[in-house]
Amino acid sequence: MSRPLDVLLRRIDPEVPLPSRAHPGDAGVDLVTTEPAELAPGERIVLPTGVSIALPDGYAAFAHPRSGLAARCGVSMVNAPGTIDAGYRGEIKVILINLDPRQSVRFQRFDRIAQLVVQRVETVRFHEVAELPGSARSTGGFGSTGGHADAGNSYAAVGPGGAADRKGQ
Ligand SMILES: O=c1ccn([C@H]2C[C@H](O)[C@@H](COP(=O)(O)OP(=O)(O)OP(=O)(O)O)O2)c(=O)[nH]1
Ligand SMILES: [Mg+2]
């Protein structure tokens, strides 16, 4: 296993559990809410996590949704993944949204609501040019390779010979 990166962390809420990995090798550490909350269908909320961090230069942290919450309750993050800049010293907050059309969802203090993944990021310098070098993909994007579902069509209808493929003919 690679040597862990040392990151300074301050507890804003003295009772908040230290973010920790559930299993060795997990990419993220879970973040909790320090405030209880209830989200009606379609509602969003900004929740405090009770921690702030100081990342070394050249790193950023990304707050990602938890798949269990998404699958069981339809809860995601509006801005997934939320970007935590290396210079940010404020409290990390998580913007949750309840995408379930019918069920409310309730969070208690210290329920785990997101996971934080720390990654190295490049600092880039842009060099303006008149023409970019060519590539196999060129300017194709936004479904140019086909195989996507069309609004109003079931995904089963998409595939070789399906709705999405036939459209281009
Ligand atoms: O889910 C998030 C996203 C961001 N932040 C904090 C850390 C980040 O460094 C800062 C700014 O985030 P971002 O750049 O995404 O927001 P912005 O709307 O561009 O604000 P700013 O003008 O402050 O950059 O807000 C969070 O606590 N949670
Ligand atoms: Mg910004």
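Here the structure is a predicted model, which is why all the values come from computation and not from measurement. Numbering of ligands and ligand atoms starts at 1, following listing order.
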Numbered atoms of ligand 1 (with element) below 4.0 Å of Lys93, judged on heavy atoms:
1 (O), 2 (C), 26 (C), 27 (O), 28 (N)
Within 4.0 Å of some non-hydrogen atom of Ile92, the atoms of ligand 1 are 27 (O)
Can you tell which part of Ile95 has a heavy atom less than 4.0 Å from ligand 1: side chain, backbone, both or neither?
neither
Distance-minimising heavy-atom pair for Arg109 and Asp13:
NH1-OD2, 2.7 Å
Looking only at protein heavy atoms, which one is nearest to atom 4 (C) of ligand 1, and how far off is it?
Thr83 O, 3.3 Å
Heavy-atom closest contact (Met77 atom, Leu96 atom, distance):
CG-CD2, 4.0 Å
Under 4.0 Å from atom 24 (O) of ligand 1, is there any protein heavy atom?
no
Just so I know, are the side chains of Phe107 and Val32 near enough to count as touching, which here means a heavy-atom distance under 4.5 Å?
no
Check whether any side-chain N or O of Asp85 sits under 3.5 Å from a backbone N or O of Gly87 as a donor-acceptor pair, and report yes or no.
no
Out of Asn79, Ile53, Leu55, the nearest non-hydrogen contact to atom 3 (C) of ligand 1 is supplied by Asn79
Would you find more than 12 non-hydrogen atoms of other residues, nucleotides or ligands less than 6.0 Å from Arg89 atom CZ?
yes
Is the shortest distance from atom 20 (O) of ligand 1 to a protein heavy atom below 4.0 Å?
no
Atom 9 (O) of ligand 1 - nearest protein heavy atom and its distance
Asp85 OD2, 2.6 Å
Answer yes or no: are there more than 12 heavy-atom neighbours, outside Arg44 itself, under 6.0 Å from its atom CZ?
no
Under 4.0 angstrom from ligand 1, any heavy atom of Val94?
no
side-chain contact (heavy atoms from CB on, under 4.5 Å), paired with Leu31, selected from Val51, Val16, Leu47:
Val51
